[in-house]
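This structure is a prediction, so every number in the text was calculated from the model and none was measured.
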Amino acid sequence: MGSTTARNDEGRGRSDHGTGSGTIGGAGGANGGPAVTGGLGRRDVIKRSAAIGLAAVPTTGFLASCASGSGGTDKQVDKGEKTEKNPLGVNGSAPLEFVLFDGGFGTEYAQDAVKVYEKTYPKAKVKFSSTQKIQSTLQPRFNGGTPPDLIDNSGAEQMDMGVLVGKKQLADLTPLLDAPSYDDPAKKVRDTLRPGVVEMGQFDGDPVWIMYYAYMVYGVWYSQTALDKLDAEYPETWDAMLALCAKAKKKGIAGWTYAGKYPYYVPFSLYPFIGKIGGREVLEAIDNLEPNAWKHPAVKAGFEAYYELFKKGYILQGTPGLDHIQSQTAWTEGKALFIPNGSWVENEAASTTPKDFEMKVAAPSSLDSSDKLPFGTLWASGGEPFVVPAHSKNPDGGMEQLRIMLSEESSKNFTSKVKSLSSFNGGTDGLTLSSALKSGEEALAKAGDNVLNPRLQDWYVALQKEKIGAGAIGEMMAGRMTPAEAIKKCQEYADAVAKDSSVKHYKHR
């Protein structure tokens with residue numbers, strides 16, 4: 001939600017090796033339009049199913065008291081002198097504390113950037129640490145008014161960004177964005193970023209509260225080698241997807257798997273599928289918590305299509321009990337063809353990925369010829385949300401560390417070490433890209449303007465993960481709810497948040 005998300009999962013492995021390579025090139029991919037089945041769209045042939053049962057919904061406890069403090073008890077450090085080389089006026093002798101989420105990207109890329117900070121400010125003592133337990137580690141410090149200066153707020157224990165913004169616990173990063181870039185003083189930092197990154201960090205109005213450092217491509221991940229063995233191409237229509245799953249099943253291979261313990265991974269392909277069917281306005285209405293947004297026909301069609309994977313037995317047996325690592329391992333071991341995921345998966349699954357796997361990502365298949373958007377429509381956005389707490393001791397230092405990380409050198413280091421794009425618009429020149437990273441670049445090029453960016457996982461973390469993800473979509477994919485029941489639950493959950501006056505609400509601008 002990454003973790004949207006932003007990355008929103010448990011800890012990640014750190015092993016890192018390529019899975020095939022290629023130099024970055026132009027756009028690729030086929031251009032075939034969605035097929036029609038016997039004169040009828042998929043909506044006409046998908047059968048509604050009877051209820052199988054209901055399951056208990058996990059309770060919300062996400063950041064219930066986080067950021068309740070009114071401010072730090074310790075004064076912030078004195079500002080330093082602003083110079084051409086120190087545009088943010090960093091106090092060069094002040095300590096800096098940096099806490100990183102220890103996930104799929106590991107820690108090395110951040111530690112390398114810390115070394116640059118230490119070289120630039122040799123009198124500064126930098127305390128760098130990493131954890132998979134961001135919320136439980138840092139919530140008490142926010143409450144006590146003593147947060148670190150820079151945080152990678154990601155993982156399963158990601159602090160609720162909407163709560164932090166609503167309680168004014170984050171520093172506005174506009175000074176960073178308007179500062180000269182690390183490489184070119186004639187360019188502002190904001191002018192070096194990929195499209196949409198600045199907007200993602202905004203919630204209400206102009207302030208920018210979050211800097212998403214990675215740039216994620218979400219979608220349906222697969223092994224080209226596995227498809228080649230079945231003499232198949234990636235299915236561009238849902239009928240072709242079901243036909244390929246049936247073919248794989250006869251060979252003892254499941255069509256799909258996913259992180260059953262964290263079913264908010266499923267939306268990484270389901271949400272853009274819904275947006276493709278009904279248009280981006282469907283996803284925006286959901287983000288805006290509009291009444292009946294979940295009852296849109298595109299949501300019904302998307303849910304029923306995915307439920308068909310369960311009904312036809314195309315999901316790897318035992319998937320509801322698998323976490324993200326176990327499901328990815330089953331996938332890299334060839335037990336399933338497809339997995340909904342984000343571009344961190346290459347680095348995270350590296351230790352179990354065969355050298356000849358040829359990992360790739362694709363946009364969701366078309367449902368039928370009446371889809372509002374063309375094949376190639378996908379979800380791509382910033383990931384790994386970095387924040388500077390408003391009441392930290394050295395917020396200028398936190399922003400300066402980010403400015404260093406958004407340099408071309410740090411960006412290339414990040415891409416080469418973790419096999420992911422950064423939000424720096426470039427940083428791939430001269431690099432040999434793996435098949436996964438190259439396919440992500442090609443998918444972005446094919447999507448063009450048809451890039452979707454659902455915000456539910458950023459604006460309402462608990463709603464997306466615990467309620468809609470686990471309490472509805474996860475139950476449906478496990479066969480414990482019908483699509484109609486899951487949709488009803490999603491709408492109930494969204495309505496409850498919309499009516500909750502204690503929650504700050506956000507809307508697409």
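Trp344 pairs in a ring pair (Phe, Tyr, Trp, His ring centres under 6.0 Å) with only one of the listed residues (Tyr218, Phe101, Phe105), which is Tyr218.
Ser407 contributes a side-chain N or O that, together with a main-chain N or O of Ser410, makes up a donor-acceptor pair within less than 3.5 Å. Without hydrogens or angle criteria, Ser365 side chain to Pro235 main chain gives a donor-acceptor distance under 3.5 Å. Using a distance-only test at 3.5 Å, with no hydrogens or angles considered, a donor-acceptor pair links the side chain of Gln491 to the main chain of Ala293. Within the 3.5 Å criterion, the main-chain N or O of Gly104 finds a donor-acceptor partner in the side chain of Asn347. Remark: side-chain polar atoms of Ser223 are not paired, donor with acceptor, to backbone N or O of Met359 under 3.5 angstrom.
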inquiry  = Using the rule given for salt bridge (Lys or Arg N to Asp or Glu O under 4.0 Å), can you reason through Glu485 versus Lys489, listing the C-alpha separation, both sets of side-chain angles and the distance that settles it, and then say yes or no?
reply    = CA-CA 6 Å; Glu485 289 169 336; Lys489 277 290 180 186; over 6 Å; no
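Thr257 and Thr319 share a donor-acceptor pair across their side chains, judged by distance under 3.5 Å alone. A donor-acceptor pair shorter than 3.5 Å cannot be found between the side chains of Ser130 and Thr107. In this structure, a donor-acceptor pair under 3.5 Å is present between the side chains of Asp228 and Gln224. Under the 3.5 Å distance criterion, with hydrogens and angles disregarded, a donor-acceptor pair is assigned to the side chains of Asp368 and Ser370. No side-chain donor-acceptor contact under 3.5 Å links Glu358 and Ser435.
Between Asp287 and Arg455, no side-chain nitrogen of the basic residue sits less than 4.0 Å from a carboxylate oxygen of the acidic one, so the salt-bridge criterion is not met. Contact check on Lys300 versus Glu304 returns a salt bridge, with a Lys/Arg side-chain nitrogen under 4.0 Å from an Asp/Glu carboxylate oxygen.
Note that OG of Ser136 and CE of Met159 are 10.0 Å apart. Values are rounded to the nearest 0.5 Å. We find the CD-CG distance between Glu108 and Asp112 to be 5.5 Å, quoted to the nearest 0.5 Å. Here the CG atom belonging to Asp371 is positioned 8.5 Å from the OG1 atom belonging to Thr377, to the nearest 0.5 angstrom.
The aromatic ring centroids of Tyr222 and Trp256 lie 6.0 Å or more from each other. Taking the six-membered ring where the residue is Trp, the centroids of Tyr506 and Phe203 are separated by under 6.0 Å. Between Phe414 and Tyr213, a ring centre-to-centre spacing shorter than 6.0 Å is recorded. Side-chain rings of Phe273 and Tyr306 approach one another, their centers coming within less than 6.0 Å. Remark: aromatic rings of Trp379 and Phe268 are close, center separation under 6.0 Å.
You'll find the side chain of Ile339 stays beyond 4.5 Å of the side chain of Val345, heavy atoms only. Between Val461 and Glu466, every side-chain heavy-atom pair lies at or beyond the 4.5 Å cut-off.
Listed by chain and residue number, Glu408 satisfy the salt bridge (charged side-chain N to carboxylate O under 4.0 Å, His left out) test with Lys412 (two or more places apart in sequence, or in another chain).
Minimum heavy-atom separation, Pro385 to Tyr212: CB-CE2, 3.5 Å.
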